[in-house]
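Written below as structure tokens is the structure these notes are about.
What you see below is based on every heavy atom in this structure, not just the backbone, and it leaves out hydrogens, waters and symmetry mates. Residue numbers start from 1 in every chain, and the chains themselves are labelled A, B, ... in the order their sequence lines are given, proteins ahead of strands.
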Protein chains: 2
Amino acid sequence: MDTSIAPLAAQTRNAQPPRHDAPLELDITQLQRHMIVTRRKVRAGQYLYRNGQPFRALHFVHAGFLKTCELSEDGREQVTGFRMHGDLLGVESIGLGAHTCDAVALDDAEIWELPYPLVLDALQRIPELRVRLAAALAEEIRRDRVWMLVIGTLPAEQRVAAFLLDLASRLARLGFSARHFILRMGRADIASFLALKHETVSRALSHLEKLEYISVLRREVKLLDIPKLRACVGTPCTVQ
Amino acid sequence: MDTSIAPLAAQTRNAQPPRHDAPLELDITQLQRHMIVTRRKVRAGQYLYRNGQPFRALHFVHAGFLKTCELSEDGREQVTGFRMHGDLLGVESIGLGAHTCDAVALDDAEIWELPYPLVLDALQRIPELRVRLAAALAEEIRRDRVWMLVIGTLPAEQRVAAFLLDLASRLARLGFSARHFILRMGRADIASFLALKHETVSRALSHLEKLEYISVLRREVKLLDIPKLRACVGTPCTVQ
DNA sequence: ACGTCGTGTAACAGCGCGTAACGGCGGCCC
DNA sequence: GGGCCGCCGTTACGCGCTGTTACACGACGT
């Protein structure tokens, strides 16, 4: 495992523009003064952590793209989310000794590790951090609930549309184009996340393309008609 | 709205046995020494809070039964969970000024209100509370993720079985029977929570009854063969 | 008594699933 | 470099589960 301690100023080829509304962004810079933050690289396809492994740190995604997977005892798997720059990973394991899910890099990633005991120390000294951490956890809950709403109330094609709009919105907040982007995950991952099968996702993308709402070429996506996309989803997503 | 400040020792007809492993149970008694806890009664069918209302307090369920509903702008509704004694409500709104979902009593409930500013104060003075609150939020995330797994990977009948087992497990932790209980919610609420329609829930319950795994009479449920139920779900639920 | 709401059953329709085949792309070894 | 193979994505087809619709029954409140 490629783990190293290095100055945080270093840039990587995956470096992404700063995000200003990330729940912990401001605190990350503050946290650096209070604890040693380990920079860790995770190559595409590698696990950042796995179900059952000891929980020792929170993980701040500095660059790259990851998915989180919930696992059942009998081998079923459910993608529960995708993480990119500015997102915090591992919060779901707070209060436990071990991780309860997998985190897999879908693209070479740089992770800043925040040792949990040091985070607890910092919570004592930095009042604002207490508010921020709780807010970050609450935001995680809200995000999950929004997807429960999407999955529970929308048919397949609209789920896919909602997914694309959400991705676009998050990329836009990072300063990337919301209209033209590359999917970092395969159809199967999208399908799992949306509680569908990968063929259904394929069909939905093809149909949205036929409607000229989007254009798709393998993993390259262009959103051609965002208002129409939003309309068919009930406009829960705010993009631009 | 029936809101009163009263000694916490008072008993109500809905009083339930204490729960010893609740994330905040111990802190609740501790919190009483640090803040005024308002006891609030919410009658069946009434809202504890609604989407958009100002967020001022966390709500500890002392007695009764509630559901939380996520809402979309175009009127869709998704039940995101059911709460009973020992559960904490409103954590999803931390960091925001207003609630983002509805909380509805399905049965006369007694709620202990913890004013959020006072909770923040207490966080400063009680180190253990910091750990506990974060853990409670994390547990909320884990619960949601387990249901994403259930909904995303199991067919209708097995979702219903998983739902019954989860309910049984939670009731058992409160000291109630896991094999015989009354559903406090209607078929439609179960259906929404499981991303199904109420007729499908009805069918599933009838079929599980025909298999003699359970017996159902309106809202009265008996679990006749818990091992079989667990088997058809992949044993993610631990009951007894 | 009446109306309303929640529930159970049935018949039908349709969305999405399962399987399969095909094609493109990239990695690997020769 | 060329050929092979495996993975990913797309599309087609038939079917099954689930949604839809409809109706009947019972509980409950008015």
### Atom pair CZ (A:Arg142) and OG1 (B:Thr80), whose distance is rounded to the nearest 0.5 Å
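If I round to the nearest 0.5 Å, the distance is 13.0 Å.
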
Run the side chain to side chain donor-acceptor pair (under 3.5 Å) test against [X] and tell me which residues pass, sequence neighbours left out.
X        : value
B:Lys197 : none
A:Arg170 : A:Asp87
A:Thr153 : B:Arg76
A:Asn51  : none

### Task
Name all pairs fulfilling the salt bridge (Lys or Arg N to Asp or Glu O under 4.0 Å) condition that reach into residues 145-157 of chain A, sequence neighbours left out, sorted by first residue then second.
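The answer is A:Arg145-B:Glu92, A:Arg145-B:Glu140, A:Arg145-B:Asp144.
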
### Query
Can you list every pair that meets side chain to side chain donor-acceptor pair (under 3.5 Å) and has a residue in residues 211-224 of chain A, with sequence neighbours left out?
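Every pair satisfying side chain to side chain donor-acceptor pair (under 3.5 Å) with a residue in residues 211-224 of chain A: A:His180-A:Glu220.
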
### Query
For the helix from C:dA1-D:dT30 to C:dC30-D:dG1, what angle lies between the axis at the first five pairs and the axis at the last five pairs, to 10 degrees?
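So the angle between the two local helix axes works out to 40°.
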
### Message
Restricting to side chain to side chain contact (heavy atoms under 4.5 Å, CB included), what partner residues turn up for B:Arg56, sequence neighbours left out?
### Response
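Here the qualifying residues are B:Pro54.
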
### Query
Under the side chain to side chain contact (heavy atoms under 4.5 Å, CB included) test, which residues partner B:Leu167, sequence neighbours left out?
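Partners of B:Leu167 by the side chain to side chain contact (heavy atoms under 4.5 Å, CB included) criterion, ordered by chain and then number, come out as B:Phe65, B:Met84, B:Phe163, B:Phe181, B:Leu183, B:Met185.
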
Separation of [N] [atom2] from [X] [atom1] (nearest whole Å):
X        : N     : atom1 : atom2 : value
B:Leu205 : C:dG8 : CG    : P     : 7 Å
B:Lys210 : C:dG8 : NZ    : P     : 14 Å
B:Glu209 : C:dT7 : CD    : P     : 15 Å

#### Entry: Which residues share a salt bridge (Lys or Arg N to Asp or Glu O under 4.0 Å) with A:Asp189, sequence neighbours left out
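Testing A:Asp189 for salt bridge (Lys or Arg N to Asp or Glu O under 4.0 Å), a comparison that skips the adjacent residues, returns A:Lys67.
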
### Task
Going 5' to 3' through nucleotides 11-24 of chain C, assign each nucleotide B (protein heavy atom under 4.0 Å from a base atom), S (under 4.0 Å only from sugar-phosphate atoms) or - (no protein heavy atom that close).
B----SBBB-----

### Task
Provide the start and end nucleotides, 5' to 3', of the part of DNA chain D that has atoms under 4.0 Å from heavy atoms of chain A.
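Range of nucleotides within reach of chain A: D:dC8 to D:dC13.
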
